[in-house]
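Sequence lines set the chain letters: A, B, ... in the order given, protein chains first and strands last, and positions in each chain run from 1.
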Amino acid sequence: MAKSEKLLDVRGLKTYFDTDEGTVKAVDGVSFHIDKGETLAVVGESGSGKSVTSLSIMRLIPTPPGRIAGGEMLFNGQDLVKKTEREMRQIRGNDISMIFQEPMTSLNPVYTVGDQIAEAIVLHQGKSQKQAMKMAAEMLELVGIPEPAKRVRNYPHQMSGGMRQRVMIAMALSCGPQLLIADEPTTALDVTIQAQILELMKKLQNEIGMSILFITHDLGVVAEIADRVVVMYAGRAVEEGNVVPIFTKPKMPYTMGLLNSVPRVDKAAVHQERLEAIPGNVPNPLYLPEGCAFHPRCKFAVDQCKVAIPDLVDSGNGHMVRCIRWDEIQTKQAVVA
Amino acid sequence: MSDMARVDNRKTNSTKPLLEVKNLQKYFPIRGGVFSRIVGNVKAVEDVSFSVAPGEVVGLVGESGSGKTTAGRSILRLIEPTAGEVLFEGVDVTKLSKNQMREYRKEMQIIFQDPFASLNPRMTVGDIIGEALTIHRLAKGREKEAKVADLLERTGLSASHMRRYPHEFSGGQRQRIGIARALAVDPKFIVADEPVSALDVSIQAQVVNLLQDLKEEFGLTLLFIAHDLAVVEYISDKVIVMYLGRIMEIAPAKELYANPIHPYTEALLSAVPIPDPTLKRERILLQGDIPSPINPPSGCVFRTRCPIAVKECADVVPPLEEVSPGHFKACIRR
Amino acid sequence: MADIAKSLPKTKAKKIELSKSQTQIVWEQFRKHKAALIGGGILIFMYLVTAFAGFVAPYGINEYRKRPATDFQPPTKIHWIDPETGRLGRPFIYNVVSDRDPVTRQKIYVEKPEEGKFPIKFFIKRPEASYKILGLFESDLHLFGVDDPARIFLWGTNNLGKDVFSRVLYGGQVSLMIGIIAVWISFFLGLFFGGLAGFYGGIIDDIIMRLIEIIDAIPGLFLLITLSALLRDPRNPIAQTFGLKMNSAQVFFMIVFVLGFIGWGGLARVIRGQLFSMRELDYAHAAKSLGASESRIIWRHLLPGTASYVIVSLTLAIPGFILGETGLSFIGLGPSEVDTSSWGILLRDATARGISIQFVPWLLLPGIPIFFAILSWNLVGDGLRDALDPKKRR
């Protein structure tokens, strides 16, 4: 981690969807990078484009209506956008793998979990079915499933939600990927189970050393697992930086608003203070406001915010922010404090 | 100002409760075989008792399978409870006939979790909110329209939304429509069943604040059901923690978070992620999964995952005991 | 950026007119389904043409000439080229007379150019083939025809020398209507029993479901034959109330009843299932918590929700009924061919008295409208299903 080496470098990614009512710019010029062995969290609300970003990296955007309209995604220096479908199949599950929100629908109900894990091993590593099944059991043990030798013969419906997510992780890690994309992996789980899964992911990263791209809407989870954070809003990255400065000194008003609107269990001392809500609604991706997409909901907005989309600028130490007033706001906040 | 209100609440706490739930039980039969015999029961709610004082907001917290939603719906008799009493202003509503119950429904309302499934897609917003007024012959024509418009404005929407259909609204707006519908009959008591769980983070806070405002404005009493402890903390006076159909702990909100007694409450609190990366917490990581409610563990239902469980925990169901005023726990180890 | 600026005013305009009713949305979606639109167009055309069969058909439903007879006459050849000028001119036909093949001694028809051209005339009056439009207005005006003694048989004639084309048009009235009427009968039976089962559940539900299973367990064709044979038996009470011998209208209604009776089970099951699942929807719970009565919940909240499903299954059921009638008529259990016509009866002609179809292939032509009617109803049903399903909206 000392010498940061870029594993994935996404530059100006644009993913558009053509619908009857117009083109939805789900992801519109997003750039970020993931270093080897680090965890990058992409956080955003519905319609922010966070999930589309992850699917774009896997090249799993349904085409049509979707298409990657621009940008490049350099994975170990090779542009994933230019890969053929055949080459992508070699990369998926092998170099980059993915886990999803709903572990029930991502597992095939008619095969045992062992078969499903072994499938990827046979496919990518050319192992025999017998060897692969043995490895599958080892993987189950790795992700903390008790009695793995017995559990490989189980069907997905015989397992609980938390167990299934463990199986998904085992499957994703079975070929030793360099990058694991986790798309809201704990959203469908109960908090006590979520805590188990997050703990497991951290442990596995320590042992295996893969990079993780963690997609979530939950700021609490981000604080728990991420090294760096990209905050997305309406298809664009609006703030990016190391996790501590993002949470302690957010510079984009959207991030500030988000942090203030989240109820926190540890704030019992200031119990029943009102939550500071962000007014308005998440914009319809078809009809984004002019200028900064956040300005209609921003308490710091001035006329200038409506004119042009602000650039993502470095505010120092690689803390990127997309706001024309970040400097002013920061000073103002400091004065108030 | 809100402090004043709370002081008032405390005062009324000592008066007669608005709602009293006694030994509520709900089993869902599982049928199987050729003659659809009952082969088992999903024991969703087991021996749940608590009370809600007028003007109080009670939070009901639990993970999936805890029975919190079933409890909420059984209280309103949206599903018929298997056993137990639900006293609303002293009247046991579980004993009322269907017709008597229909009258009582004016007093007790519900707000749903899923803002998409809870509004009839074929009705306009005006018809949805005004339906109760028609059913109970409270208003019609102009008068009804004026009332609906007023409700829309009060819930942060606009009167012009009346002729629109639900699909034209965002999740947060739909939730406001659902709230307006519940308020149309001027209820005394509302069950809010995970009203913000399906909403975006920035919208959740809006709806929580709206509920708080409306509570003051209409003098509402709320049963706020949620799986998110943090949200419950902000809105509730008292919190009930459920696990596998049973109550584990009841405490005033502040006290529960500062001083949880039951090991499950403790673990639950420590599992909630806090948006602060600088915070280093000792985490109590629960092992295993929530057992099936068809075959719950004997004795204390939590013992299979409890870090401090002993042999005796399997023998008896721990009773809910008061440890300090208003603070109850069901654990023999603490 | 410029794009966004441009789209903004449009956005606002759009927001204001957004309040579309459910029907508008469905229609907009349906219009995007090209195949369904074509199917719908074909159906409208077919129903219009058969409704005005008397006008479009050159001959009456049972009109035939004894002498000279025209039995098994092949489709009349229409000439477009004038033999004198060699240019494209007004279409005409020649009179056709029967002859014997010198070699096989089979009856053949030959054109007689020496009798002169018989130009095809439009809007001619033929009092011998008068008709009533929609059973109301009597008229003898026909879309087209030729002067005597020539006859124009676009699709040839049957064994009695009746014009197949005219009979296909009249037959369409029966075949196409039977589908629609039978579907209504099915609909009311299905709605009634399905609603009953879904509403009350318990023992009523059990009884109705078992009844449906029993009906379903009897092979369809067998049940059709049994029922129609039963109803035709002069000794049975239903036949007796209609008079001993059923006339064609009574047979028609009998078939409709038989088809509708067979078809309602599936629909009842669908409605029951939908009611059961919708009762658990939050908005049904919401209505209950508002104090709505059971009947209000059913009528106002649940049944409208089943409408889209019901419309689709009804539409997709119509082809089955059309085929059912065709099948019944084909095996001789339909209306008698003397005074009426249906597509099934017409196809039956092709099997009459051991004639070999290779010599009279035009008797299979009634299959064409059957094919298009079935296909079109299926296309329309598909289109409706996609348009009514919010998940499939594009």
Side-chain angles (χ1 to χ4, degrees), chain B residues 35-36 69 72-73 75-79 98-125 127-138 160-169 177-178 181-182 184-185 187 190-191 193, chain C residues 11-12 14-26 28-29 199-203 205-207 209-210 213 274 276-311 388-391 393:
Chain B
F35 302 103
S36 31
T69 292
R73 295 193 177 189
I75 289 167
L76 298 182
R77 275 185 70 188
L78 288 180
I79 45 183
K98 271 191 175 175
N99 280 329
Q100 288 170 315
M101 191 60 210
R102 273 213 290 280
E103 275 305 301
Y104 255 86
R105 292 199 183 281
K106 266 188 289 191
E107 313 288 337
M108 311 157 87
Q109 280 300 307
I110 179 164
I111 301 166
F112 294 90
Q113 169 178 5
D114 185 347
F116 290 85
S118 61
L119 305 178
N120 188 339
R122 285 164 196 82
M123 285 165 76
T124 63
V125 169
D127 285 340
I128 290 170
I129 299 174
E131 184 171 22
L133 300 175
T134 311
I135 291 170
H136 294 288
R137 298 194 183 81
L138 295 172
S160 67
H161 289 150
M162 215 184 293
R163 293 188 212 300
R164 300 233 187 139
Y165 287 88
H167 68 87
E168 297 168 53
F169 295 88
I177 297 168
R181 169 176 61 192
V185 284
I190 292 184
V191 173
D193 187 3
Chain C
T11 308
K12 275 181 186 152
K14 197 149 190 171
K15 282 253 164 75
I16 290 163
E17 47 143 330
L18 251 175
S19 278
K20 285 175 199 151
S21 72
Q22 210 68 10
T23 332
Q24 279 173 302
I25 296 169
V26 167
E28 273 175 23
Q29 290 294 321
F199 183 75
Y200 289 104
I203 210 148
D205 175 40
D206 277 344
I207 293 172
M209 285 302 112
R210 294 304 88 76
E213 277 155 20
Q274 290 255 310
F276 273 143
S277 66
M278 289 178 67
R279 294 189 92 140
E280 296 311 311
L281 279 181
D282 275 352
Y283 68 75
H285 278 302
K288 190 175 176 187
S289 81
L290 290 174
S293 60
E294 290 271 0
S295 68
R296 186 184 171 92
I297 295 173
I298 292 261
W299 284 106
R300 188 139 169 102
H301 295 280
L302 301 188
L303 282 181
T306 66
S308 54
Y309 210 97
V310 168
I311 289 170
L388 289 164
D389 184 355
K391 279 178 227 125
R393 291 216 170 121

Visitor: Using a cut-off of under 4.5 Å on heavy-atom pairs, state which of B/Met101, B/Met108, B/Met123 scores highest against chain C.
Guide: B/Met123

Visitor: Side chain, backbone, both or neither: which part of B/Arg77 has a non-hydrogen atom closer than 4.5 Å to chain C?
Guide: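 Interface part for B/Arg77: backbone (N, CA, C, O).
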
Visitor: State whether the number of non-hydrogen atoms from other residues, nucleotides or ligands found under 6.0 Å of B/Arg137 atom CZ is greater than 12.
Guide: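 No, CZ of B/Arg137 has 12 or fewer neighbouring heavy atoms, counting only those of other groups under 6.0 Å.
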
Visitor: Using a 4.5 angstrom heavy-atom cutoff, name the option from B/Gln113, B/Lys106, B/Arg73 with the most pairs to chain C.
Guide: B/Arg73

Visitor: Given the options B/Ala184, B/Ala182, B/Ala117, B/Ala132, which has more heavy-atom pairs under 4.5 Å with chain C than any of the others?
Guide: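 When all of B/Ala184, B/Ala182, B/Ala117, B/Ala132 are compared, B/Ala117 has the most.
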
Visitor: Going by heavy atoms in the side chains, are C/His285 and B/Ile110 under 4.5 Å from each other?
Guide: no

Visitor: Under 4.5 Å heavy-atom distance to chain C, tell me which part of B/Leu119 shows up: side chain, backbone, both or neither.
Guide: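 For B/Leu119, the backbone is the part near chain C, not the side chain.
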
Visitor: Pick one of side chain, backbone, both or neither for C/Arg296, based on which atoms fall under 4.5 Å of a heavy atom in chain B.
Guide: side chain

Visitor: Any idea which heavy atoms bring B/Ser118 and C/Asp282 closest together, and the distance?
Guide: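 For B/Ser118 and C/Asp282, the tightest heavy-atom pair comes out as CA-CB, 3.5 Å.
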
Visitor: Hey, could you give me the OH/CZ distance between C/Tyr283 and B/Arg122, rounded to the nearest 0.5 Å?
Guide: 5.0 Å

Visitor: Go through the steps for B/Thr134 and C/Arg300 under the test side chain to side chain contact (heavy atoms under 4.5 Å, CB included), then give the verdict.
Guide: CA-CA 13 Å; B/Thr134 311; C/Arg300 188 139 169 102; over 6 Å; no

Visitor: How would you list, by chain and number, every residue that makes a ring-ring contact (aromatic ring centres under 6.0 Å, His included) with C/Tyr309, sequence neighbours excluded?
Guide: none

Visitor: Quick one: CG on B/Asn120 to CE on C/Met278, what's the gap to the nearest 0.5 Å?
Guide: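 The CE atom of C/Met278 is 7.5 Å from CG of B/Asn120, to the nearest 0.5 Å.
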
Visitor: Taking all heavy atoms of C/Lys288 and all of B/Arg105, pick out the closest pair and write down the distance.
Guide: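 C/Lys288 and B/Arg105 have their closest heavy atoms at O-CD, 2.7 Å.
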
